[in-house]
Student: 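The structure that follows is given in the form of C-alpha cells.
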Amino acid sequence: MKTLKFLFAGIILTTTATLTAQDKNSGNSSFGIKGGLNYSTITKGDFDEGPDPRTSFYLGFVGEIPVVENVFSIQPEVLYSRQGFEVNQTILGTNYKTEYKLDYINVPVLAKIHLGKVFSIEAGPQFGLKISEKYENEDSSIETDDVNEFDTALAAGVSLNFDGGFFISGRFTQSLNEVVKDSGSKNQVIQAGVGFKF
C-alpha cells in the first residue's frame, strides 16, 4: 500500500509540475482553477438495496496542453473531491439514514477534442487516492477502513468554453475497481461545475 501511495504522490507532483511549467513552455497552454457539485454514489454490488446518492463538492486545478492547436489537447487536473453515498435502513419500524463520506485526491488525465470555438468533449483515465473515510448518522460519526485506498476510474464529459477563460463543464466518472472492500461496488460520480483558465 505504501508503494501505491508513493506512486500516486509521484503522479501528483509530476502533474503539478506540468501545470506550473506549461505557461513558460508554450504561449497557448493554460492553467486554471475549477470547482462544482458532486452527485456521487456506488453501484449496488452486494448491498441488499442500491445506495442513495450523496451531494457534495469538488475543487482543484486544471491545465490544458495543446497538441493540435484549437483541435486536440491534453487536460491534466488535480482535484479534491468529496464523494460517498447514503444508506437508508428500517429497524423496528424506524428509518435510519447513514451517510458514508469518502474524500479523494483525484488526478484525471484527459484527451480533449474541440468541436468548434465553444464546445469540447474530454475523456480519459482518472487516478484517485482516498484521504478520508467515515460514516455519520444522527447519533455518531465514526472513522472506518472499509474502502480501498486507491481508485482507478474512467472519466468523460463536455465543456462550454467562453472568451476570457471562463468555462462550464459536466462529467461522469465510473470506477474500474472495487471501492467498498468485499462488496463488488464501484464509485459513480456526476459532476457539474465552472472554472477559469488564465
Side-chain angles (χ1 to χ4, degrees), residues 3-40 56-83 102-131 148-177 179 186-198:
T3 302
L4 283 177
K5 289 187 175 181
F6 282 124
L7 177 61
F8 192 82
I11 292 172
I12 291 177
L13 289 173
T14 302
T15 303
T16 303
T18 300
L19 294 178
T20 304
Q22 56 183 291
D23 283 333
K24 299 178 181 179
N25 296 330
S26 173
N28 296 323
S29 296
S30 57
F31 171 78
I33 57 174
K34 64 181 298 188
L37 294 177
N38 278 344
Y39 187 73
S40 64
S56 194
F57 70 90
Y58 69 94
L59 182 67
F61 301 101
V62 56
E64 185 170 346
I65 306 167
V67 178
V68 179
E69 189 173 357
N70 298 323
V71 177
F72 176 72
S73 57
I74 302 298
Q75 181 167 296
E77 303 174 6
V78 178
L79 306 174
Y80 168 65
S81 182
R82 300 187 69 179
Q83 299 171 200
L102 311 177
D103 294 351
Y104 289 90
I105 297 295
N106 288 330
V107 181
V109 182
L110 308 179
K112 184 171 185 177
I113 299 174
H114 293 270
L115 303 175
K117 185 177 180 180
V118 174
F119 188 74
S120 62
I121 59 175
E122 57 248 11
Q126 174 177 283
F127 309 97
L129 179 68
K130 182 192 72 177
I131 58 173
N148 289 313
E149 297 284 334
F150 198 67
D151 182 40
T152 304
L154 291 178
V158 298
S159 294
L160 299 175
N161 309 282
F162 302 99
D163 290 338
F166 177 75
F167 65 91
I168 300 172
S169 64
R171 182 176 299 169
F172 175 75
T173 63
Q174 167 72 56
S175 290
L176 298 177
N177 57 289
V179 175
K186 300 177 181 180
N187 277 327
Q188 289 183 331
V189 184
I190 297 173
Q191 296 180 327
V194 298
F196 185 80
K197 293 179 181 176
F198 304 99

Student: When rounded to the nearest 0.5 angstrom, what is the spacing between CD1 in Ile121 and CG in Leu110?
Tutor: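 Result: 11.5 Å between the selected atoms.
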Student: Scan side-chain atoms only and decide if Ser81 and Asp103 contain a donor-acceptor pair under the 3.5 Å cut-off.
Tutor: no
Student: As a quick check of understanding, evaluate side chain to side chain contact (heavy atoms under 4.5 Å, CB included) for Tyr80 and Val78, giving each step before the final call.
Tutor: CA-CA 7 Å; Tyr80 168 65; Val78 178; over 6 Å; no
Student: Could you go through the side-chain hydrogen bond (donor to acceptor under 3.5 Å, both in side chains) check for Gln83 and Asn38 one step at a time?
Tutor: CA-CA 7 Å; Gln83 299 171 200; Asn38 278 344; 4.8 Å; no
Student: Run Phe172 and Val189 through side chain to side chain contact (heavy atoms under 4.5 Å, CB included) and show every step you take.
Tutor: CA-CA 6 Å; Phe172 175 75; Val189 184; over 6 Å; no
Student: To the nearest 0.5 Å, how far apart are NE2 in His114 and CG in Asn161?
Tutor: 6.0 Å
Student: CD of Glu64 to OG of Ser30: how many Å apart, nearest 0.5 Å?
Tutor: 5.0 Å
Student: Taking the side chain as C-beta and beyond, is there a heavy-atom pair between Asn148 and Val179 under 4.5 Å?
Tutor: no
Student: What heavy-atom pair brings Ala155 and Thr173 nearest, and what distance separates the two atoms?
Tutor: CB-CG2, 3.5 Å
Student: Can you name the nearest heavy-atom pair linking Ser169 to Tyr58, along with the distance?
Tutor: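 Nearest pair, atom of Ser169 first, then Tyr58: OG-OH, 4.1 Å.
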Student: Are the side chains of Val62 and Gln75 in touch, meaning some heavy atoms are under 4.5 Å apart?
Tutor: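 When only atoms from C-beta onward are counted, Gln75 and Val62 do touch, with a gap below 4.5 Å.
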Student: Nearest 0.5 Å, what's the NZ-CG distance between Lys186 and Leu176?
Tutor: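 Reported value, rounded in 0.5 Å steps: 6.5 Å.
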Student: For Thr152, is there any backbone N or O sitting under 3.5 Å from a side-chain donor or acceptor partner on Asn177?
Tutor: yes
Student: Before giving the answer on side chain to side chain contact (heavy atoms under 4.5 Å, CB included), spell out for Leu79 and Lys34 the whole-Å C-alpha distance, their side-chain angles and the decisive distance to 0.1 Å.
Tutor: CA-CA 9 Å; Leu79 306 174; Lys34 64 181 298 188; 3.9 Å; yes
Student: Roughly how far apart are Phe57 CZ and Ser40 OG, rounded to 0.5 Å?
Tutor: 12.0 Å
Student: Above 12 or not: heavy atoms from other molecules or residues under 6.0 Å from CD1 of Ile33?
Tutor: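 12 or below, so no.
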Student: State, to 0.1 Å, how close Pro66 and Ser29 come at their nearest heavy-atom pair, and which atoms those are.
Tutor: CD-OG, 3.5 Å
Student: Classify the side-chain pair Asn187/Tyr104 by whether it contains a donor and acceptor separated by less than 3.5 Å.
Tutor: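 Checked: Asn187/Tyr104 side chains pair up, N/O donor to acceptor below 3.5 Å.
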Student: Could Lys197 and Phe31 be counted as a cation-pi pair, given that NZ or CZ must be under 6.0 Å from the ring centre and within 45° of the axis?
Tutor: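 No; the conditions do not both hold, so Lys197 does not lie above the ring face of Phe31.
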Student: Any chance OH of Tyr39 has more than 12 other-residue heavy atoms, nucleotides or ligands included, within less than 6.0 Å?
Tutor: no
Student: Taking it one step at a time, do Val194 and Phe167 satisfy side chain to side chain contact (heavy atoms under 4.5 Å, CB included)?
Tutor: CA-CA 6 Å; Val194 298; Phe167 65 91; over 6 Å; no
Student: Going from CG on Leu37 to CD1 on Ile190, what distance comes out if it is rounded to the nearest 0.5 angstrom?
Tutor: 11.5 Å
Student: With side-chain hydrogen bond (donor to acceptor under 3.5 Å, both in side chains) as the criterion, how do Glu122 and Ser159 come out once you've worked through the C-alpha distance, each side chain's angles and the decisive distance to 0.1 Å?
Tutor: CA-CA 8 Å; Glu122 57 248 11; Ser159 294; 3.1 Å; yes
